[in-house]
Amino acid sequence: MKKKIIISGYGKVAKEILKLLKEYRVLFTKKYNIEFIVVAVIGSKFLLYQEEGIDIDDLSLYGLGSSSLENYAKNKRIKSKTLNDIKGGLLIESTPTDINTGEPGYSYIKWAIKNKMDVVSLSKGALVKYFDEIMEMKIESNSQIKYSGATMAALPSMDVGLYSLSSTKIDRIEGILNGTSNYILTEMYNKEENFDQIIKRSQEEGIAEKNIDYDIKGIDTANKLYILTKSLLTSTMNYKSIKIEGIENISIEKIREEKRKGNKIKLIGIADDEGIEVRPMEISQSNPLYYVDGKEKGIVYYTKDMGKIVVSGGESSPKGAASSAIKDMINIYR
Ligand SMILES: NC(=O)C1=CN([C@@H]2O[C@H](COP(=O)(O)OP(=O)(O)OC[C@H]3O[C@@H](n4cnc5c(N)ncnc54)[C@H](OP(=O)(O)O)[C@@H]3O)[C@@H](O)[C@H]2O)C=CC1
Ligand SMILES: N[C@@H](CC=O)C(=O)O
């Protein structure tokens, strides 16, 4: 089965998606009988469209963003197209996250669903701002939408909650949901390194959000937990009621003091039917999240009938995020 893929946002994650699709092309055909053909990549200033499929090797010679799409197209004498030229397929939404407007992800997702396409979203803005509307739209259109990349990516949080815990009630979710802030806190704990130096490194490694405040001020944690809560819990809470505190005021002295007591400070998100809270917490060795370090993340589901389920690992990285998006694509069509 051939499946046309359209990607919005040609950045770090999108580039890894292309690489992985090429690397695993034969495996996916053999294992799932699915061949993904990337026919369009949409940038903010250029829309690259090739019905026969984009040459991934050639495109990888250029950098990231619209200018790379344009340079590739120039070389192949292709003109920029519009969304109206694209018919059918699956949209991978990987533009920057903006929770104030939900854009540009919201417009791309709406366009795809209206055109009866399926969607895999890595960006979180549209899901945070328009979750109910998007879910209604996809039912009307009979489209499928998956968003592992927006909910801890390489760490399987949605899949565990949605499939493995489908028969029980999830009473509470607790987790370390943001790799960048966990990396910062871990480096401060282990090396007593300066906050800004670690931030710089996480940006260079491509795991930080475009707006670093999202990582360090707890917003990315709140976003992921909100999307998980809307998907897995029965609460009807709204985003504005989330209490959010970040790690920007955590000092080396405070970390040292907790270390002496045998504790670690972690940025924890907690969700239950009462609401969501995000804040740095001192946790002891009896808490499974104590052992989640570096760029890794962890989630604990407290369920009514299956007890406590802990999932950890899946460190934040553009490649891990790319792989989680491809997993969603496979799980839609297998
Ligand atoms: N990096 C990571 O490890 C992870 C990221 N995510 C999420 O995935 C998304 C993408 O992340 P990442 O690849 O790191 O981000 P980048 O900033 O590297 O890439 C985003 C790209 O989107 C393009 N873009 C901006 N505005 C528009 C627009 N209006 N239309 C089309 N394209 C646009 C930009 O290029 P140009 O403007 O030149 O076209 C840019 O290159 C984010 O929402 C992030 O939250 C999720 C999990 C992990
Ligand atoms: N900035 C995020 C990346 C994915 O959502 C993180 O650090 O976990």
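Just so you know, ligand 1 is whichever comes first in the structure, and atom 1 is the first atom listed for that ligand. All heavy atoms count here, side chains included; hydrogens, waters and symmetry mates do not.
Applying the 6.0 Å contact sphere to OH of Y130 captures more than 12 heavy atoms from other residues, nucleotides or ligands.
Scanning the protein heavy atoms around atom 13 (O) of ligand 1, the nearest turns out to be V13 N, 2.9 Å. Here the heavy atom of the protein found nearest to atom 30 (N) of ligand 1 is Y108 OH, 2.6 Å. S44 OG, 2.6 Å is the protein heavy atom nearest to atom 37 (O) of ligand 1. For atom 7 (C) of ligand 1, the nearest non-hydrogen atom of the protein is L122 O, 3.5 Å. Scanning all protein heavy atoms for the shortest distance to atom 42 (C) of ligand 1 gives T95 O, 3.3 Å. Regarding atom 38 (O) of ligand 1, its nearest protein heavy-atom neighbour is S66 N, 2.8 Å. Looking only at protein heavy atoms, the nearest one to atom 45 (O) of ligand 1 is E209 OE1, 2.6 Å. Counting protein heavy atoms only, atom 24 (N) of ligand 1 is closest to P96 CD, 3.9 Å.
Ion pairing between a basic and an acidic side chain is recognised when a charged N comes within 4.0 Å of a carboxylate O; E209 and K124 show such pairing. The pair D98-K210 does not meet the salt-bridge criterion, since no charged nitrogen lies less than 4.0 angstrom from a carboxylate oxygen. Salt-bridge annotation for D118 and K3: absent, with no side-chain N of the basic residue lying under 4.0 Å from a carboxylate O of the acidic one.
Annotation: S67 places no N or O atom under 3.5 Å from an N or O atom of ligand 1; distance criterion only. Inclusion of K12 in the set of residues having an N or O under 3.5 Å from an N or O of ligand 1 is warranted. Looking at S316 next to ligand 1, no N or O pair under 3.5 Å apart turns up. Checked by distance only, ligand 1 and T97 come closer than 3.5 Å through their nitrogen or oxygen atoms.
Within the 4.0 Å heavy-atom cutoff, K224 counts among the residues contacting ligand 2. Residue-ligand proximity: L64 is placed with every non-hydrogen atom at 4.0 Å or more from ligand 1.
With 3.5 Å as the limit, one finds no donor-acceptor pair spanning the side chains of K297 and N178.
Relative ring orientation between Y333 and F36 is described as tilted, the plane-to-plane angle lying within the 30° to 60° band.
In this structure, atom 34 (C) of ligand 1 has no protein heavy-atom contact shorter than 4.0 Å.
Between G89 and I6 the shortest heavy-atom distance is CA-CD1, 4.2 Å.
The residue among G179, A325, A150, A321 with a heavy atom at the shortest distance from atom 48 (C) of ligand 1 is A321. Between atom 19 (O) of ligand 1 and the options G149, S107, G11, the minimum heavy-atom separation is to G11. Remark: among candidates A154, G9, S317, G320, the nearest residue to atom 22 (O) of ligand 1 is G9, based on non-hydrogen atoms. For atom 2 (C) of ligand 1, the nearest non-hydrogen atom from the set A153, G206, S94 comes from G206.
In the hydrophobic clustering of ILVMFWY residues, with side-chain heavy atoms under 4.5 Å counting as a link, L267 and I227 come out together.
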